[in-house]
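Quick notes on the structure that follows.
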Protein chains: 2
Amino acid sequence: MSGGPERRDVPSADEPIAIVCGGGSLPLAVADAATKRGRRVVMLAVRGFADPQVERFRCHWIGLGQLGRVFKLLRAEACRDIVFIGGMLRPALGTLRLDWTAVRALPRVVRAFRGGDDHLLVSIARLFEDAGFRLVGAHEVAPDLLLPEGALGTHTPNERDRADIEHGLALLSALGPFDVGQAVVVAGRHVIAVEAAEGTDRMLERVAALRRDGRIRSEFGRGVLVKAPKPKQDQRFDLPSIGPPTIAGLAKAGLAGLAATAGATFVAEPTELLRAAEAAGVFVIGTPSHGAAP
Amino acid sequence: MSGGPERRDVPSADEPIAIVCGGGSLPLAVADAATKRGRRVVMLAVRGFADPQVERFRCHWIGLGQLGRVFKLLRAEACRDIVFIGGMLRPALGTLRLDWTAVRALPRVVRAFRGGDDHLLVSIARLFEDAGFRLVGAHEVAPDLLLPEGALGTHTPNERDRADIEHGLALLSALGPFDVGQAVVVAGRHVIAVEAAEGTDRMLERVAALRRDGRIRSEFGRGVLVKAPKPKQDQRFDLPSIGPPTIAGLAKAGLAGLAATAGATFVAEPTELLRAAEAAGVFVIGTPSHGAAP
């Protein structure tokens with residue numbers, strides 16, 4: 001494909017960056033971080049997913065499947081760099097309203113739909129790159145939002161929690177080749193829940209329900225949520241993220257804390273998250289990215 | 001420990017067999033099958049789990065943790081062979097009322113509680129064996145209840161379903177070392193759900209909910225439930241089982257069918273299951289036990 005802005009090797013920080021906004025508070029956090037670093041941002045808010053607050057910034061609403069419109073907006077705004085960020089539930093193909101550009105791209109996207117998430121995202125990235133745009137990871141634009149290594153607050157994992165973290169990391173690593181979820185819950189080295197299409201919040205709700213029904217052997221306050229990026233994941237998409245709702249979910253599920261990969265996990269609202277974790281008495285720890293227990 | 005019946009190398013078919021009954025219809029099916037083969041059965045029905053219908057057979061109700069009482073009943077009934085069968089939710093240690101024999105065995109059981117299910121069951125088996133009893137697999141007493149190889153009814157998996165089955169089997173095999181669940185749902189080679197502590201029925205309910213919320217990309221009527229025993233599982237315990245409720249769950253979840261390991265999966269009510277599968281238009285297939293797709 002052609003017609004995109006001319007390719008340059010070094011992106012200019014003078015150019016605005018386009019942020020394609022899915023759900024949650026992460027798009028806002030990324031936009032704030034980019035703005036703080038002196039970069040102008042243009043929000044492309046996905047209808048049905050993006051938080052209306054993204055209109056705090058320069059903003060256009062877009063529909064999923066409006067690929068031609070997105071390309072046009074990007075050119076009109078002189079954006080070459082694009083960030084994809086925020087939750088976007090997997091859409092059923094039948095519900096998409098495609099414009100002509102999207103229709104022409106359809107065979108590629110359909111092929112990608114048949115694979116796992118990774119294939120889908122990589123294929124969408126290529127569509128943009130072929131049109132002359134550059135996909136940038138939110139972690140490059142807003143590195144301050146990444147979870148640091150070590151414990152965030154005053155609560156820390158004890159020896160049993162560390163054993164559970166290690167078990168969870170090993171399990172996630174075994175799941176790597178299958179493009180499954182990015183999180184598990186382990187208590188007393190017993191795997192309580194494995195995340196797939198439902199997402200972390202729903203998995204934690206399930207753990208809370210299992211706890212209520214007496215189907216978890218370990219006591220309340222035991223067990224950990226372990227999150228890690230998929231081993232071969234393109235980090236420009238879909239890095240794991242945690243936020244205050246994750247802490248609320250942990251507390252309801254009666255877990256001791258959460259471990260996630262340092263440098264590869266977004267913290268949507270760090271101050272709020274820390275406040276919530278301290279109040280709930282749960283630990284939040286960044287594990288080294290080589291996958292060993294902290 | 002001593003005091004059990006004297007050990008003999010060849011169990012006599014004249015002796016009654018004790019069936020420790022958890023929930024579901026499988027204990028009844030095993031008792032019927034054993035009776036048909038001319039073996040007398042004594043049901044030890046676990047209170048809170050066993051179906052009251054087990055009283056059709058000679059029956060004693062027992063509480064979890066009443067190990068001494070169970071040993072006494074077994075001796076009084078002159079049972080040497082014991083089968084454990086049927087669903088038993090993982091009990092919270094605190095809810096158990098232990099008799100003295102159980103209290104003495106507690107340190108061993110507690111150690112086992114810290115491991116996964118496999119450890120727990122193996123440790124319980126040893127307690128019985130040390131007391132002079134013999135744990136027999138339900139599949140040895142009632143081999144007719146095992147799923148045969150190939151399609152059960154008129155519906156068969158198509159090529160896409162077979163690819164999903166293969167993907168699911170590979171995933172279950174990767175999960176093997178972690179003593180997790182025994183089932184996954186795969187649709188379009190995308191892993192929708194992984195079973196852990198919640199069990200198959202609840203996992204299928206989750207898939208139905210994800211489908212309702214538009215969070216599953218593949219169409220209604222696509223995707224498979226794949227079940228397999230854990231690779232190193234002691235087959236005397238906890239072989240996977242399927243029954244009419246599994247078919248109902250499949251249908252609600254909008255799946256095409258289920259694949260489970262031939263010769264290592266119980267079918268609780270084969271006639272009812274087949275009728276339900278035909279009515280729902282889903283396939284039920286026994287996969288070869290070496291783990292390849294059918």
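Chain naming here is simple, since letters A, B, ... match the order of the sequence lines and numbering starts at 1 in each.
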For chain B, the option from A:Val194, A:Val186, A:Leu171, A:Val180 that forms the most heavy-atom pairs under 4.5 Å: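 Top option by heavy-atom pairs under 4.5 Å: A:Leu171.
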
Minimal non-hydrogen separation, A:Val191 against B:Phe178, with atom names: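 Minimum heavy-atom contact is CG2-O, 4.1 Å.
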
Nearest non-hydrogen partners of A:Arg202 and B:Leu210, listed with the distance: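 Taking A:Arg202 first and B:Leu210 second, the nearest heavy atoms are NH1-CD2, 3.8 Å.
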
CD on A:Glu205 to CZ on B:Arg206, rounded to 0.5 Å: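 Reported value, rounded in 0.5 Å steps: 11.5 Å.
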
